[in-house]
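For reference, the structure I am asking about is given below.
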Amino acid sequence: QLHLVERGGVSVQAGGSLRLSCTASGDINANWCVSWFRRAPGKEPEGVAALGGDGRETYTDSVKGRFTISKDNAMNTSYLQMNNLKPEDTAMYYCAVSRSVFDYLNCGLSGTFGDWGQGTQVTVSS
């Protein structure tokens, strides 16, 4: 029902910056908890960032101070600004949404994310 499309992934040198976008179509509620996850080949998925309906932001320790999550409700789009990229950031990046009312004000990396995009590949070379 809810369709999510990620864009912006590309190959970049260490120290560079990228901005990923996630655009949603369908019946959208601006209060939904939106998040970004990533998965490197052969590794477990990792939660990266989350943004709640109250504006609170959550980040995994490895990206704090480098990544910023935001959204534009008028465009039905979430963004992940990625600065000072490192080779360890190489992964497929996915956006995900929780429709849970509880997660409106309790949005974090352990939310009940039921809607996922297809992903966009980010490759960082040293």
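As a basis for the values below, the full set of heavy atoms in this structure was taken, side chains included, without hydrogen atoms, waters or symmetry mates.
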Query - Side chain to side chain, C33 and L51, heavy atoms closer than 4.5 Å - result: no
**Report entry** Non-hydrogen side-chain atoms of R19 and L80 separated by less than 4.5 Å
**Finding:** no
Requested in this report: Could you check if a side-chain atom of V122 sits within less than 4.5 angstrom of a side-chain atom of V10, using non-hydrogen atoms only?
Outcome: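 Side-chain contact under 4.5 Å: no.
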**Report entry** Beyond-backbone contact of Q81 with I69, side-chain heavy atoms, under 4.5 angstrom
**Finding:** no
Requested in this report: With sequence neighbours excluded, tell me which residues meet salt bridge (charged side-chain N to carboxylate O under 4.0 Å, His left out) with E57.
Outcome: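 For E57, no residue satisfies salt bridge (charged side-chain N to carboxylate O under 4.0 Å, His left out) once neighbours in sequence are set aside.
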Report task. Would you mind reporting whether P87 and S126 have side-chain heavy atoms less than 4.5 Å apart? Result -> yes
Query raised in the report: Do the side chains of L109 and L105 join up, straight or via other hydrophobic residues, at under 4.5 Å, putting them in one cluster?
Result: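 No.
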Requested in this report: Could you walk me through whether T68 and Y59 pass side-chain contact (heavy atoms from CB on, under 4.5 Å), step by step?
Outcome: CA-CA 8 Å; T68 303; Y59 301 94; 3.8 Å; yes
Requested in this report: Kindly say whether F102 contributes a backbone atom to a donor-acceptor pair with the side chain of N106 at under 3.5 angstrom?
Outcome: yes
Query raised in the report: Who else is in M92's hydrophobic cluster (ILVMFWY, side-chain heavy atoms under 4.5 Å, direct or via others)?
Result: F37, Y94, F113, W116
Query raised in the report: If you look at every heavy atom in E6 and T120, which pair is closest and at what distance?
Result: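 The pair with the smallest heavy-atom distance is CB-CG2, 3.8 Å.
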Could you pull out all donor-acceptor pairs under 3.5 Å where a side-chain atom in residues 22-31 meets a protein atom, sequence neighbours excluded?
{"residue": "T23", "atom": "OG1", "partner": "T77", "partner atom": "OG1", "Å": "3.1"}
{"residue": "N29", "atom": "OD1", "partner": "N31", "partner atom": "N", "Å": "2.9"}
{"residue": "N29", "atom": "ND2", "partner": "Y104", "partner atom": "OH", "Å": "3.0"}

Query - Which atom of W36 lies closest to which atom of S78, heavy atoms considered - result: NE1-OG, 3.4 Å
Report task. Please check if V48 and Y79 belong to a single hydrophobic cluster, counting links between Ile, Leu, Val, Met, Phe, Trp and Tyr side chain heavy atoms closer than 4.5 Å. Result -> no
Query raised in the report: Does the salt bridge (charged side-chain N to carboxylate O under 4.0 Å, His left out) test come out yes or no for D61 and K64, once each step is laid out?
Result: CA-CA 5 Å; D61 287 344; K64 287 180 180 177; 3.0 Å; yes
Query raised in the report: If you measure only the distance, is there a donor-acceptor pair under 3.5 Å linking the side chains of R38 and Y93?
Result: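 Per modelled atom types, R38 and Y93 side chains form a pair under 3.5 Å.
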Query raised in the report: Are M75 and L2 connected in the hydrophobic side-chain network, where two residues link if heavy atoms are under 4.5 Å apart?
Result: no
Query - Smallest separation among heavy atoms of P45 and R39, with atom names - result: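 Nearest heavy atoms, P45 then R39: CG-CD, 4.0 Å.
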Query raised in the report: Does M82 reach the side chain of S17, with side-chain heavy atoms less than 4.5 Å apart?
Result: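 Of all side-chain heavy-atom pairs linking S17 with M82, none is under 4.5 Å.
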Query - E46 and S62: CA distance, side-chain angles, deciding distance, side-chain contact (heavy atoms from CB on, under 4.5 Å) verdict - result: CA-CA 11 Å; E46 177 187 26; S62 63; 3.9 Å; yes
Report task. Answer yes or no: does atom CD of Q118 have more than 12 heavy-atom neighbours from other residues, nucleotides or ligands under 6.0 Å? Result ->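 Atom CD in Q118 is not packed in, count stays at 12 or less.
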Report task. Mind running side-chain contact (heavy atoms from CB on, under 4.5 Å) on W32 and D115 for me, showing each step along the way? Result -> CA-CA 11 Å; W32 285 342; D115 296 285; over 6 Å; no
**Report entry** Test item: side-chain donor near acceptor, T90 and T123, under 3.5 Å
**Finding:**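 There is no such pair between these side chains.
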**Report entry** D103 side chain vs S100 backbone, donor-acceptor pair below 3.5 Å
**Finding:** no
